[in-house]
There are 2 protein chains.
Amino acid sequence: MTTRSPDAEPLLTPAEVAALFRVDPKTVTRWAKAGKLSSIRTLGGHRRYRESEVRALLAGIPQQRLDED
Amino acid sequence: MTTRSPDAEPLLTPAEVAALFRVDPKTVTRWAKAGKLSSIRTLGGHRRYRESEVRALLAGIPQQRLDED
DNA sequence: CTTGAATAGGGTAATTAGGGGA
DNA sequence: CCTGTCCTAATTACCCTATTCA
């Protein structure tokens, strides 16, 4: 099994998420600010997004908003 | 470098689709509403269209219509 | 440590959504 | 039935500079 995986969730950069939705990276930032998209922050303040959540949103699956910026 | 590219479908904005068909963007919206054209929504509610589907329609290839939205 | 690309901010134009009517 | 236009509100895109990432 995958008992040796230390919670390695695939993360996407703002540019990658923006490319998937065909929007500006700034728009992705606004979604994170509005709590429409969960965001993980680097220690420097940059945002990273969960690939699984982004794909789910692209597929039109409504998600719960647990995170707000 | 290919590990950094999540399969991204080329998407078109309403204005781009409208320009290709030589119609008003509002007309493209009606097509999406009528289910004649599948649409992907941004988190803000704006529509994005699949380039492959648009090109197929431009080429005169009949598409399936799933009545939606 | 140095470099080049990407991101965070903020502020201002341009698109889009939606309804309604021609 | 299908399309183009007018309206308001909301969303998104592009401008800049400083900071962070790889």
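Because the structure is a prediction, the values reported are computed rather than measured. Here is how names work: the chains are called A, B, and so on, in the same order as the sequence lines, proteins then strands, and each is numbered from 1.
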By nearest-nucleotide position on DNA chain C, the 5'-leaning member of B:Arg48 and B:Lys26 is B:Arg48
C:dT7, OP1 or OP2 - any side-chain N/O from A:Arg47 closer than 4.0 Å?
no
Shortest non-hydrogen contact from B:Arg47 toward B:Pro14
O-CD, 3.3 Å
Using whole Å, report how far CH2 of B:Trp31 lies from C1' of D:dC2.
10 Å
Which whole-number value in Å describes the distance from A:Leu11 CG to D:dC21 C1'?
14 Å
DNA chain C nearest-nucleotide lookup for A:Tyr49 and A:Arg30: closer to the 5′ end is A:Tyr49
I'd like to know if B:Arg41 reaches the base of C:dA17 with its side chain such that a donor and an acceptor end up less than 3.5 angstrom apart.
no
Tell me whether B:Asp7 is salt-bridged to A:Arg55, with the criterion being a basic N under 4.0 Å from an acidic carboxylate O.
yes
Could you tell me how far apart B:Arg22 (CZ) and D:dT3 (P) are, to the nearest whole angstrom?
16 Å
Testing D:dT12, C:dT15, C:dA6 for proximity to the side chain of B:Thr42, the answer is D:dT12
Hey, what do you get for CD1 (A:Ile40) to OH (A:Tyr49), rounding to the nearest 0.5 Å?
10.5 Å
Which whole-number value in Å describes the distance from B:Leu43 CG to D:dA10 P?
18 Å
Looking only at atom types and distance, does a side-chain atom of A:Glu9 sit under 3.5 Å from a main-chain N or O of A:Arg50, one as donor and one as acceptor?
no
Among D:dA13, C:dT7, D:dT5, the one nearest any side-chain atom of A:Thr13 is C:dT7
Counting only Watson-Crick pairs (N1-N3 plus N6-O4 or O6-N4) and G-U wobbles (N1-O2, O6-N3), all under 3.5 Å, who is the partner of C:dT2?
none
The side chain of B:His46 is closest to which nucleotide in this list: D:dT5, D:dA13, C:dT15?
C:dT15
Identified side-chain hydrogen bond (donor to acceptor under 3.5 Å, both in side chains) counterpart of A:Arg22 within the set B:Glu16, B:Glu51, B:His46:
B:Glu16
Between B:Thr29 and C:dA17, does any side-chain N or O lie under 4.0 Å from OP1 or OP2?
yes
Just how far, in rounded Å, is C1' of C:dA5 from CD of A:Glu16?
14 Å
Given atom CG of A:Asp24 and atom C1' of D:dC15, what is their separation to the nearest angstrom?
11 Å
Identity of whatever pairs with D:dC1 - Watson-Crick or G-U, under 3.5 angstrom:
none
Look at the side-chain N and O atoms of A:Lys33 and state whether any lies under 4.0 Å from the OP1 or OP2 oxygen of D:dT12.
no
